[in-house]
2 protein chains.
Amino acid sequence: MSDLTIGTLAKSAGVGVETVRYYQRRGLLPQGGTHKGAFRVYGTDELARLRFIRRAQTLGFNLEEIAELLALDEETDRERARAFAQAKIADVESRIRQLEEMRSALQGLVTCCEHTEAPAPCPILHALAAAPEEAPLTSPPKAHARGTRARTSS
Amino acid sequence: MSDLTIGTLAKSAGVGVETVRYYQRRGLLPQGGTHKGAFRVYGTDELARLRFIRRAQTLGFNLEEIAELLALDEETDRERARAFAQAKIADVESRIRQLEEMRSALQGLVTCCEHTEAPAPCPILHALAAAPEEAPLTSPPKAHARGTRARTSS
DNA sequence: GTTGACTCCGTACTTTGGTACAGGGTCTAG
DNA sequence: CTAGACCCTGTACCAAAGTACGGAGTCAAC
């Protein structure tokens, strides 16, 4: 037993076949698997690796980070694993803080809206439309800050 | 005054020219602007609209949602604006909860690691590698849950 | 011995919020 | 009147994590 085809391997880990292949392309899973006939077969270590990936994802690691985690040695890399986890905690916490700021700003708008008499323009839309010179428009969350050159010209 | 070219309009709002054009393509800003000579000129309402977009982004709205917000009427759509904001609050809060779960799981691993004697395999990597039948692998945060068909076949 | 499900391989597409670039035209200052 | 800065249009590209699809081969059951 534990002679899995890619399909059963995928199902066992709760992912799609295409996902497994994708992980193979990304180098997270071995391309191989021993051949048996024309199809590849996978064993329990591939399954464990696949589950490792999914669990690490639920903890907020992306695939690149997971590749690094997978390269760590259980015996000799404890320090590094812990540092990794701690860095991720810091990262998660900063995202939480960002979201909390959003929430309180939104909450402020809603509260304001509820305390405004009916025949007035919507304070929410109004607040969005008004130009707050004080709050200088902290740059919106860019998906991936890369070449954010403001092109301030010569 | 307030006869802005696309470049000055963009600079006034703190975005790049390409971004303005992109918003135009997305229908968030009018394509037009009155022509003056060969170039388009924009006025204060385009600038206000552009700033509206950026502010709404900092509150966590995506461009599709912002398009809807922009379609609301300040006078007659107060209910809808508030509902919108409240839905966004709920959304933000659920993301916060998710992140908090991640954080506590990570914190648990780190704490565990710190209380383990040195000559043992890394508990973090170990925990990731172990198969927790209890915690059935709550699906990792997919970027955009769309066609997540597990292809459970016939 | 054929049908249907599965596998293999490669490539292209998805989403979101933009960037970048090419190949023009135009406007303005010196 | 010419150089350089700006504008226009259109298209292609970026990241991340997959998903979809086409065409061909193969395996197992009936």
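Labels below follow one simple rule: chain letters A, B, ... track the order of the sequence lines, proteins then strands, and each chain is numbered from 1. Here the structure is a predicted model, which is why all the values come from computation and not from measurement.
- Nearest-nucleotide positions on DNA chain D place R21(B) closer to the 5' end than the other of Y23(A) and R21(B).
- Taking atom CG of D3(A) as the reference point, atom P of dC6(C) lies 18 Å away to the nearest angstrom.
- An OP1 or OP2 oxygen of dC8(D) is reached within less than 4.0 angstrom by no side-chain nitrogen or oxygen of Q31(B).
- Under the side chain to side chain donor-acceptor pair (under 3.5 Å) criterion, R26(A) pairs with Y22(A), not counting sequence neighbours.
- With sequence neighbours left out, E100(B) forms a side chain to side chain donor-acceptor pair (under 3.5 Å) with no residue at all.
- Straight-line distance from the CD atom of E64(B) to the C1' atom of dT15(C): 11 Å, rounded to whole Å.
- Atom OH in Y22(B) sits roughly 18 Å away from atom P in dT9(D) (whole-Å rounding).
- In this model, the phosphate group of dT7(C) is approached by a side-chain N or O of T5(A) to a distance below 4.0 Å at OP1 or OP2.
- Between L9(B) atom CG and dC6(D) atom P the separation is 15 Å, expressed in whole Å.
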Nucleic acid footprint by protein, nucleotides 23-30 of chain D - heavy-atom cut-off 4.0 Å, B for base, S for sugar-phosphate alone: --BSS---

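- Among residues two or more places apart in sequence or in another chain, the salt bridge (charged side-chain N to carboxylate O under 4.0 Å, His left out) test is passed with E93(A) by R103(B).
- Remark on DNA chain C: of its neighbouring residues R25(A) and N62(B), the 5'-side contact belongs to R25(A), judged by nearest-heavy-atom nucleotide.
- Residue R40(B) places at least one side-chain N or O closer than 4.0 Å to OP1 or OP2 of dT9(D).
- Put simply, CD on E18(B) is 11 Å from P on dC7(D), counting in whole angstrom units.
- Between dA17(D) and T19(A), no contact under 4.0 Å exists linking OP1 or OP2 to a side-chain N or O.
- In this structure, R78(A) has no salt bridge (charged side-chain N to carboxylate O under 4.0 Å, His left out) partners at least two apart in sequence or on a different chain.
- In this structure, CD of E65(B) is placed 14 Å from C1' of dG17(C), rounded to the nearest angstrom.
- E68(B) pairs by the side chain to side chain donor-acceptor pair (under 3.5 Å) definition with nothing, not counting sequence neighbours.
- Taking atom CD of Q24(B) as the reference point, atom C1' of dG17(C) lies 16 Å away to the nearest angstrom.
- In this structure, the CD1 atom of I53(B) is 12 Å from the C1' atom of dG17(C), given to the nearest Å.
- Each of dG10(C), dG17(C), dA17(D) was ranked by its minimum atom distance to the side chain of R26(B); first place goes to dG17(C).
- Put simply, the side chain of R54(B) reaches to within 4.5 Å of the side chain of T19(B), judged on heavy atoms.
- Within 6.0 Å of CZ in R49(A) there are more than 12 heavy atoms belonging to other residues, nucleotides or ligands.
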